[in-house]
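Data block below; observations after.
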Amino acid sequence: MKITACIGSSCHVKGSRAVVEGLKRLINDNDLVDKVELAGAFCLGNCQNGVSVKIDDEIFSVSPDTVEDFFKNEVITRL
Ligand code: FES
């Protein structure tokens, strides 16, 4: 699975750095380094909706507060 987190300027302002850190931590904590690839990208064209995170071709809006739930509900369940 490939997760792409937006680090464009609009998402940066909304906390993309904390989201990326959170995703990294969750991937490590859940022992998923071999299964989940985390990449960064500039603007995913979804700026209005918070930090954009893409799983394969689907875009989600994540914030530092929701990254944990996002991981549980959208990442773990797809593996
Ligand atoms: S800056 Fe992240 S979607 Fe545009």
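Counting starts at 1 for both ligands and their atoms, in listed order.
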Exactly one of V51, N49, V53, T66 clears side-chain contact (heavy atoms from CB on, under 4.5 Å) with S61, and that residue is N49
Does atom CZ (R17) have a neighbourhood of more than 12 heavy atoms from anything else shown, all under 6.0 Å?
no
Distance col, row M1:CE vs D56:CG, nearest 0.5 angstrom, shows 6.5 Å
Value for CG (L38) from CG (L32), rounded to nearest 0.5 Å, stands at 11.5 Å
Check your understanding: Same cluster or not: are V67 and V13 linked, directly or through other Ile, Leu, Val, Met, Phe, Trp or Tyr residues, by side-chain heavy atoms under 4.5 angstrom apart?
Key -> no
| said: Could you go through R78 and E74, starting from their C-alpha distance and side-chain angles, then the distance that decides it, and tell me whether this counts as salt bridge (charged side-chain N to carboxylate O under 4.0 Å, His left out)? | reply: CA-CA 6 Å; R78 276 160 214 253; E74 305 295 348; 2.7 Å; yes
Distance filter < 2.8 Å from atom 4 (Fe) of ligand 1, protein N/O/S hits 2
